[in-house]
Amino acid sequence: MKSIKIIIVSFLMLGIGILVSSCEPDSYSLGETLEVNELDFSVTQNPDYDNQIYLRSNTSNALPYWDYGIGISNKAMDTIIIPFAGDYTIEYSAFSQGGHTTSSASVTISENDPIFFADPKWDLLTNQESGKTWRVTGVYLGPQSDYNGIWWQPDITGEAYYLDTVTFDLNQGFNYAVDDQNGHIETGNFVLRLNIDYNPGDDGIGPFDYLTIVGSGLPVKDYGGDGIGTTYRISKLTEDEMILSQGAEFISERNTEDWSWFTVYERVD
């Protein structure tokens, strides 16, 4: 996010430089910096859908820059969506020949976006803002097309991750945390992609739902190997049980093979 902001600000300063260069050749004044009370902007919410926010910059002879925490914009008029409930500060900066001046506005989002999170799988995985905690109960090898098929099932009760728990929530973010039950908690983020065809060239796999962990990964040994990362196919997801798989479909040179490692999770809380 920081690098994106640097690029945007550099672009804005370039625009200001062009404005300055259009002055008389012997004029080098940058002009006065705008006072806060000279900024003319508005931040309003859709009264029927307050996740939708309208940004409008009316400040004369200035380039706008908006920072709303989960995103940025340099448009004079823009419509943004903040998908998570909570209180947010939207910063507005006006870049003029004299520099930039910043102000802000506050908004309150009453609920997680009912449109974005309409699919019930969001609630099954996370229980929305409250969070849902899962624990590994089993691992097995089977055909990737059928999580009911079990070719081989090792005993994992002695593995270090057997007592770990993993929690997902939508409390102002796509949050993920692993607790090793010994006082150490690792946090990160997750991406849930619904109805995605991971290998569109292979007619035998088809579209599924996929869960990607942005962090250290789930509390389970990477049985698949071969460079498989932290993306998992969701083979089953109910209120109290989740089965994730990793297999040949994730390996380009082996995705015609029919095998997956399945990890079974049960709901703890």
Can you tell me how far the OH atom of Tyr210 sits from the CG atom of Asn195, to the nearest 0.5 Å? 10.0 Å
Any donor-acceptor pair under 3.5 Å from Thr59 side chain to Ala62 backbone: no
For Tyr147, ring pair (Phe, Tyr, Trp, His ring centres under 6.0 Å) partners two or more places apart: none
Residues forming a side chain to side chain donor-acceptor pair (under 3.5 Å) with Gln45, sequence neighbours excluded: none
Among all residues two or more places apart in sequence or in another chain, which pass the side chain to side chain donor-acceptor pair (under 3.5 Å) test with Glu38? none
Ignoring hydrogens and geometry, is there a side-chain-to-backbone donor-acceptor pair from Trp134 to Leu125 under 3.5 Å? yes
Are Ile82 and Ile53 packed together at the side-chain level, in the sense that at least one heavy-atom pair is separated by less than 4.5 angstrom? yes
Contacts of Phe174 meeting ring pair (Phe, Tyr, Trp, His ring centres under 6.0 Å) (sequence neighbours excluded), chain-then-number -> Phe84, Trp122, Phe190
Which pairs count as side chain to side chain donor-acceptor pair (under 3.5 Å) when at least one residue sits in residues 79-89, sequence neighbours excluded? Asp87-Thr108
Between Asp169 and Asn171, is a side chain to side chain donor-acceptor pair (under 3.5 Å) present by the stated rule, with each step listed? CA-CA 6 Å; Asp169 72 64; Asn171 186 10; 5.1 Å; no
Gap between atom CG of Asn127 and atom NZ of Lys132 - 0.5 Å precision: 6.0 Å
Test of understanding: with side chain to side chain donor-acceptor pair (under 3.5 Å), list the residues that count as partners of Asp240, not counting sequence neighbours. none
So, using side chain to side chain contact (heavy atoms under 4.5 Å, CB included) as the criterion, who are the partners of Ala160 when residues are at least two apart? none
For the residue pair Pro143 and Phe262, what are the closest heavy atoms and their distance? O-CZ, 3.3 Å
Which residues pass the side chain to side chain donor-acceptor pair (under 3.5 Å) test with Asp123, not counting sequence neighbours? none
Take Ile81 and Phe116, measure what side chain to side chain contact (heavy atoms under 4.5 Å, CB included) needs, and give me the verdict at the end. CA-CA 10 Å; Ile81 299 292; Phe116 187 89; 6.0 Å; no
Residues passing the ring pair (Phe, Tyr, Trp, His ring centres under 6.0 Å) test with Tyr49, sequence neighbours excluded, are none
If we ignore hydrogens and angles and just use 3.5 Å, is the side chain of Asp78 paired with the main-chain N or O of Leu55 as donor and acceptor? no
Under the side chain to side chain contact (heavy atoms under 4.5 Å, CB included) test, which residues partner Thr133, sequence neighbours left out? Thr165, Thr167, Val268, Asp269
Do other residues, nucleotides or ligands put more than 12 heavy atoms under 6.0 Å from Arg267 CZ? yes
List the residues meeting side chain to side chain contact (heavy atoms under 4.5 Å, CB included) with Lys121, not counting sequence neighbours, and say none if there are none. Asp119, Leu194, Asp209, Leu237
Do Pro83 and Ile70 make a side-chain contact, defined as non-hydrogen atoms from C-beta onward lying under 4.5 Å apart? yes
Would a 4.5 Å heavy-atom cut-off, applied to side chains only, mark Asp180 and Ile185 as touching? no
Is any side-chain heavy atom of Phe95 closer than 4.5 Å to a side-chain heavy atom of Tyr65? yes
Applying ring pair (Phe, Tyr, Trp, His ring centres under 6.0 Å), name anything that partners Tyr92, two or more places apart in sequence or on another chain. Phe41, Trp66
dist Glu111:CD -> Glu129:CD (nearest 0.5 Å) comes out at 8.5 Å
CA sep, side-chain torsions, deciding dist, call: Asn175, Leu170, side chain to side chain contact (heavy atoms under 4.5 Å, CB included): CA-CA 6 Å; Asn175 306 309; Leu170 297 174; over 6 Å; no
